[in-house]
Amino acid sequence: MTARELGVRLNRKEISAVEVTSAFLNRIQQLDDKLKAFVTVIGNEALSQAKAVDDRRSNGETLGLLAGVPIAVKDNMCTRGVPTTCSSRILEQFIPPYDATVVSRLRDQNMVILGKTNLDEFAMGSSTENSAFFTTRNPWDMDRVPGGSSGGSAAAVAAGLAPLALGSDTGGSIRQPAALCGVAGLKPTYGLVSRYGLVAFASSLDQIGPFAIDVLDTALVLDAIAGHDPMDATSSEQSYNPVFPQLQAQGEIKGIRIGIPKEFYAQGVEAEVSDLVRRGIEALCSVGAEAEDCSLPTAEYGLATYYIIAPAEASSNLARYDGVKYGLRSKAANGHIGMTEKTREEGFGAEVKQRIMIGSYALSAGYYDAYYKRAQQVRSLFCRDFDRLFQKYDVLITPTTPSPAFRIGEKADDPLQMKLSDVCTLPCNMAGLPGLSIPCGFIDGLPVGMQILGKRFDELTVLRVARAYELATGLAAKRPLLDGGR
Ligand code: GLN
């Protein structure tokens with residue numbers, strides 16, 4: 001059942017929020033031992049939130065469509081009184097005294113938070129294998145990764161442990177796991193959703209967005225979390241026009257112009273994946289869209305540019321974990337400096353340490369011009385290239401990932417292969433564009449994602465195209481059969 005169907009039933013009092021919440025908590029209890037999507041489940045709190053919603057409804061209050069609907073939150077968004085670990089030892093004991101803006105907005109909608117989902121440590125990775133705690137499984141095949149870094153959120157929605165979830169995306173961390181788990185995942189335009197209370201990885205690229213089983217549910221959550229926030233200096237002041245009502249009103253995509261940037265169908269993308277995406281584009285053309293090949297020449301520099309900028313920002317952001325302000329404090333004999341060193345040595349995993357070192361190197365006095373400044377210059381070329389394409393096209397469509405879900409361990413020792421799983425998703429973050437991944441078919445029983453990129457702040461067109469695709473193909477909401485006991 002979609003979240004909006006749940007919402008309608010809750011509103012009509014055909015079911016209670018306590019019943020809905022218990023059903024999801026039961027499913028978590030049944031399946032999450034194996035799936036490992038959650039780092040923390042807050043069953044009691046969820047049930048009392050649900051009870052409060054039921055009480056208000058029985059007192060005759062009319063609440064919104066999402067009131068009483070459960071949601072899971074990636075464990076790098078602050079939740080007041082509830083551990084927020086970033087799947088890192090260094091924050092294992094950290095309990096934030098405040099809610100991230102997105103979390104308070106979910107609470108404003110009277111949504112029920114089920115718990116916090118697993119991620120690659122500090123959102124650095126593409127498989128959740130970098131979590132300091134455990135690797136989340138892909139519900140379509142338990143021996144495979146769910147993608148990352150928001151793998152816990154994607155797996156939870158795909159497996160029906162939560163009808164909705166929030167993730168964060170710095171270089172693909174919403175879209176890539178959405179693709180590998182066969183759900184919808186949206187990275188909104190940079191600045192549309194507040195980052196206040198999102199633990200920072202690379203602040204100029206990070207954005208929070210929803211996972212859902214279809215496009216309309218994705219839109220509903222976006223409407224709940226989007227819009228200006230004075231607590232985030234990079235939050236857009238543009239007034240936000242909710243997309244859900246507009247999407248319901250206009251299904252038509254006649255005359256929409258689709259660009260097919262050829263570089264996204266190279267760089268190691270499997271032929272079967274490209275074929276499925278091209279078939280998806282044909283389906284859109286059969287309902288009135290017009291598609292054409294085009295080129296984004298800078299795409300080949302995406303990986304190199306991203307892996308300078310993101311670590312550079314991370315090295316600065318992660319300097320705050322010094323054993324004084326937050327979380328872990330290791331004991332050392334040799335005073336304050338020794339304590340900080342030991343805390344960081346024990347608290348950070350290998351991937352995080354590597355990125356801090358790469359980032360510090362790229363920012364160091366002797367190399368700043370050669371690496372960081374250069375990368376920033378290439379970044380502006382990305383923006384220019386995309387601007388040029390968007391003068392001609394309304395959306396660009398590409399594969400989300402080069403291949404379906406890979407096996408756990410398969411790429412863990414091959415950092416380049418691991419990083420290449422984000423070639424198609426990174427460019428969008430560089431230019432701050434909205435990007436959505438939706439399921440577009442299967443290869444050997446594993447889901448494949450199609451990525452739709454749009455103009456900045458034009459989430460509506462991206463979602464309209466995606467919705468038209470779902471309607472034309474019936475390809476939403478296919479779920480893995482987990483209860484069969486795999
Ligand atoms: N996989 C990419 C990385 O490791 C992107 C991660 C993300 O978007 N948070 O940096």
Side-chain angles (χ1 to χ4, degrees), residues 2-4 65-66 101-102 105-106 109 150 164-170 172-175 178-179 183-195 198 205-229 232 234-253 256-259 284 289 383 386-387 389-390 393-398 400 425 427-439 449-471 476:
T2 60
R4 61 191 178 280
L65 191 54
L66 285 171
T101 297
V102 288
R105 291 196 178 171
L106 300 180
Q109 299 289 323
S150 316
L164 301 167
L166 292 185
S168 67
D169 189 315
T170 306
S173 278
I174 293 174
R175 291 157 289 152
V183 296
L186 172 71
K187 183 205 91 75
T189 305
Y190 184 79
L192 185 66
V193 176
S194 168
R195 291 183 297 109
L198 167 70
L205 302 163
D206 299 341
Q207 216 15 219
I208 294 172
F211 287 95
I213 56 174
D214 73 358
V215 174
L216 284 178
D217 273 8
T218 307
L220 252 184
V221 182
L222 180 68
D223 288 348
I225 60 175
H228 181 63
D229 175 17
D232 172 0
T234 61
S235 156
S236 161
E237 290 186 20
Q238 228 167 289
S239 73
Y240 179 74
N241 194 3
V243 287
F244 180 73
Q246 302 181 70
L247 275 177
Q248 283 189 307
Q250 40 176 287
E252 187 67 7
I253 57 155
I256 285 269
R257 296 159 305 167
I258 300 172
L284 285 165
C383 298
F386 273 120
D387 283 349
L389 288 181
F390 282 122
Y393 306 108
D394 300 301
V395 292
L396 303 174
I397 297 188
T398 77
T400 309
T425 48
C428 152
N429 300 70
M430 227 82 78
L433 309 173
L436 170 74
S437 180
I438 48 166
M450 170 164 103
Q451 176 175 239
I452 308 177
L453 303 177
K455 297 174 193 167
R456 301 181 76 230
F457 298 105
D458 193 11
E459 275 72 9
L460 180 60
T461 303
V462 169
L463 292 161
R464 264 177 65 204
V465 171
R467 175 81 183 133
Y469 175 79
E470 276 179 357
L471 292 173

Notebook entry, point to check: Any donor and acceptor pair, going by atom type alone, linking the side chain of Arg175 with main-chain N or O of Gln451 inside 3.5 Å?
Noted result: no
Check: Run the side chain to side chain contact (heavy atoms under 4.5 Å, CB included) check on Asp394 and Lys455 step by step: do they pass?
Finding: CA-CA 7 Å; Asp394 300 301; Lys455 297 174 193 167; 4.0 Å; yes
Next item on the list: May I ask you to test the Val215-Arg464 pair for a side-chain heavy-atom distance under 4.5 Å?
Entry: no
Checklist line | Atom of Tyr190, atom of Phe457 and distance for their closest heavy-atom approach | finding: O-CZ, 3.9 Å
Checklist line | Exam field: side chain Asp217 to backbone Arg4, donor-acceptor pair closer than 3.5 Å | finding: yes
Item checked: CD1 on Ile208 to CG on Asp169, rounded to 0.5 Å -> 11.0 Å
Item checked: Which atom of Asp223 lies closest to which atom of Pro245, heavy atoms considered -> OD2-CD, 3.8 Å
Next item on the list: I would like to know whether Leu166 and Leu106 meet side chain to side chain contact (heavy atoms under 4.5 Å, CB included); could you show each step before the answer?
Entry: CA-CA 10 Å; Leu166 292 185; Leu106 300 180; 3.9 Å; yes
Next item on the list: Can you measure from CD1 (Ile452) to SG (Cys428) and round to the nearest 0.5 angstrom?
Entry: 12.0 Å
Next item on the list: Please report the closest heavy-atom contact between Ser168 and Leu198, naming both atoms and the distance.
Entry: CB-CD1, 3.9 Å
Note to self: Does Leu216 form a side chain to side chain contact (heavy atoms under 4.5 Å, CB included) with Thr2? I'd like the steps, not just the answer.
What the structure shows: CA-CA 9 Å; Leu216 284 178; Thr2 60; over 6 Å; no
Next item on the list: Using modelled atom types only, decide if a donor and an acceptor are shared between the side chain of Arg105 and the backbone of Gly227 within a distance under 3.5 Å.
Entry: yes
Next item on the list: Evaluate the side-chain proximity of Phe211 to Val221: yes if any heavy-atom separation is below 4.5 Å, no if none is.
Entry: no
Next item on the list: Applying side chain to side chain contact (heavy atoms under 4.5 Å, CB included) between Leu436 and each of Val395, Leu222, Val462, report the one that passes.
Entry: Val462
Next item on the list: Would you name the heavy atoms of Ile174 and Pro210 that are closest together and state the gap between them?
Entry: CG2-O, 4.1 Å
Notebook entry, point to check: Do you know the tightest heavy-atom contact between Ser437 and Thr400?
Noted result: OG-OG1, 2.9 Å
Notebook entry, point to check: Any donor-acceptor pair under 3.5 Å linking the side chain of Gln207 with the backbone of Val193?
Noted result: yes
Note to self: As a quick check of understanding, evaluate side chain to side chain contact (heavy atoms under 4.5 Å, CB included) for Tyr393 and Ile258, giving each step before the final call.
What the structure shows: CA-CA 6 Å; Tyr393 306 108; Ile258 300 172; 6.0 Å; no
Notebook entry, point to check: Would you call Leu284 and Ile253 a side-chain contact if the rule is heavy atoms closer than 4.5 Å?
Noted result: yes
Item checked: Polar side-chain atom of Glu459 near backbone of Val243 as donor-acceptor pair, under 3.5 Å -> no
Next item on the list: For the residue pair Phe244 and Leu65, establish whether any side-chain heavy-atom pair is separated by less than 4.5 Å.
Entry: yes
Next item on the list: Say whether, by atom type as modelled, one donor and one acceptor occur between the side chain of Thr189 and the main chain of Arg456 under 3.5 angstrom.
Entry: no
Check: From Phe390 CZ over to Asp458 CG, what is the distance, rounded to the nearest 0.5 angstrom?
Finding: 8.5 Å
Notebook entry, point to check: Between Thr170 and Leu205, is there a donor-acceptor pair closer than 3.5 Å when you use the side chain of the first and the backbone of the second?
Noted result: no
Note to self: Less than 4.5 Å apart, side chain to side chain, heavy atoms only: is that true for Phe386 and Leu453?
What the structure shows: yes
Check: Is there side-chain contact between Leu463 and Arg467, with heavy atoms separated by less than 4.5 Å?
Finding: no
Margin query: Let me confirm one number: the OH-CD1 distance from Tyr240 to Ile225, rounded to the nearest 0.5 Å.
Written below: 8.5 Å
Notebook entry, point to check: Measuring from Thr425:OG1 to Met430:CE, what's the distance to the nearest 0.5 Å?
Noted result: 9.5 Å
Checklist line | No-hydrogen, no-angle side-chain donor-acceptor test under 3.5 Å, Asp229 and Thr101 | finding: yes
Notebook entry, point to check: Rounded to the nearest 0.5 Å, how far does OG of Ser239 lie from NE2 of His228?
Noted result: 11.5 Å
Check: Can you name the closest pair of heavy atoms from Gly172 and Asn429 and give their distance?
Finding: N-OD1, 3.9 Å
Margin query: Treating Asp232 as the side-chain partner and Ser194 as the backbone partner, does any N or O pair qualify as donor plus acceptor under 3.5 Å?
Written below: no
